[in-house]
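What follows is one structure encoded as structure tokens, with my remarks underneath.
Chain naming here is simple, since letters A, B, ... match the order of the sequence lines and numbering starts at 1 in each.
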There are 2 protein chains.
Amino acid sequence: MPLLMLKDLPRYEGLLEAVRRHPDLDPSACEAYLNLLRAGDEAYRQSEAFLAEHNMSPGRFTLMMLLYDKMAGTSVPATPAALAEKAGVARATITGLVDTLERDGLVTREHDPRDRRMMLIHLTPKGVSTLEGILPGHFQQMAAQMAALSQDERKTLVRILNKIAGSPAPAARIETDPLVHASPSTY
Amino acid sequence: MPLLMLKDLPRYEGLLEAVRRHPDLDPSACEAYLNLLRAGDEAYRQSEAFLAEHNMSPGRFTLMMLLYDKMAGTSVPATPAALAEKAGVARATITGLVDTLERDGLVTREHDPRDRRMMLIHLTPKGVSTLEGILPGHFQQMAAQMAALSQDERKTLVRILNKIAGSPAPAARIETDPLVHASPSTY
DNA sequence: ACGCGATAATTAGCCTCCTAATTAGTAACT
DNA sequence: AGTTACTAATTAGGAGGCTAATTATCGCGT
């Protein structure tokens, strides 16, 4: 989340002042918004720094996690289109990431025999073991970042964030059995 | 904040399951972390989309805001080094942004007469008016994103986020007069 | 005055993202 | 069988990040 990681966020009092020239400015909204962006960016950068120690980038890691069966510890092949959809990026981006992951021997490409337009991306054994070497540290790193928050604060945070970012269908969640539909996410 | 904007975040119940294979995983920390990243990314992308309508990127916008005197509505020249420091990016990044902003006639470069190693970047009148054309919509867009939150929730959110992201010197804040040290931030 | 180390900006080269254009393969309809 | 329409992936070209290497200028000590 580049180039807005201001060292100093404006103080609430300063925002109140600025309203004089900028009547559209909502000080409390602005404060919440800027703090959200900064906290998100900082968390992101910390993970990025950790992954970089293992020659990984967030994109590479996310892509590999999407190919990883968390329960079985095996590879779950997927097409570039499916990966792009799950990761929320353009297909061309997946092509580029797979290029470098393939070069490093972490994934392989294979034509889908049923429809030769499609490719199937697989984690190699080296890819699986690389990932499993990274995961414990990654989890510890996440836990450390949230360590300052109590269980209550974590719950409150999630609740408030979900009011902002459209949890796509909040009503539908209640009806579905959470254990049946294991989410296809990375961590 | 690229390539981790998962469509579906793992459900808390799913995380509890995963702990069996991954004992380092702290489910509540993971949930809070992923929601933070997603909310930050979504807010960022919405702003980015708004700015793009005005032929702006977050980087260009941030840079111009750093050159803009919010009270007087005029240009406040600054060196690339100072801009890099305030924006939290590398100097080379500033060079690139200034290149394109200069090409578009929004800023100018000028040698500092006192030290010819330094450049001073100025907003042009066109830059000022462009910025002022964008600001009202930008503020409205921020307010709209936070509209679902009550005043209380905004305060709580800011408080919790500040426990995570290192507010650099929380103790020092209390002593300083907030109105004297107007923050040098963009909004 | 002259050179030497420090500092400011730029350049070069890489990665990750994007959109738009291209290539390859499928399917469906004459 | 051949055209046509669609879909999947890749390529091409651009922007914004980064680090490391270059270039220009300054300031200081001799």
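Using a 4.0 Å cut-off between charged nitrogen and carboxylate oxygen, B:E132 and B:K70 do not count as a salt-bridge pair.
Between A:R109 and D:dT10, a side-chain N or O to OP1/OP2 separation shorter than 4.0 Å is present. Considering only side-chain N and O atoms, A:T93 lies nowhere under 4.0 angstrom from the phosphate OP1 or OP2 of C:dT16. Residue B:R103 places at least one side-chain N or O under 4.0 Å from the OP1 or OP2 atom of D:dA15.
For the pair A:I94 CD1 and D:dA9 P, the interatomic distance rounds to 10 Å; values are reported in whole Å. Rounded to whole Å, atom P of C:dA8 lies 12 Å from atom CD of B:E85. One can place CG of A:L97 at 14 Å from P of D:dT11, the figure rounded to the nearest angstrom. Computed from coordinates, the A:R117 CZ to C:dT23 P distance equals 18 Å when rounded to whole Å.
The backbone N or O of B:L149 sits less than 3.5 Å from a side-chain atom of B:R154, completing a donor-acceptor pair. With A:T124 contributing its side chain and A:G105 its backbone, the two residues share a donor-acceptor pair below 3.5 Å.
Candidate nucleotides D:dA9, D:dC18, C:dA8 were compared by shortest atom distance to the side chain of A:T79, and D:dA9 ranks first. Here D:dC26 is the nucleotide among D:dC26, C:dA9, C:dT16 with the atom lying nearest to any side-chain atom of B:D115. The side chain of A:R116 lies closest to C:dT26 when the candidates are D:dA20, C:dA9, C:dT26. Of the candidate nucleotides C:dT16, C:dC18, D:dA9, D:dA9 has the atom nearest to the side chain of A:M119. Of the candidate nucleotides C:dC18, D:dA15, D:dA20, C:dC18 has the atom nearest to the side chain of A:V89. Nearest nucleotide to the side chain of A:R91, out of D:dC26, C:dT10, D:dT10: D:dT10.
Position along DNA chain D of the nearest nucleotide to A:M118 versus A:A92 favours A:M118 as the more 5'-ward residue.
Side-chain atoms of A:S47 and A:Q141 include a donor-acceptor pair closer than 3.5 Å.
Aromatic pair A:F61/A:H138: centroids less than 6.0 angstrom apart.
If you check every strand for non-hydrogen atoms under 4.0 Å, A:A90 touches a base.
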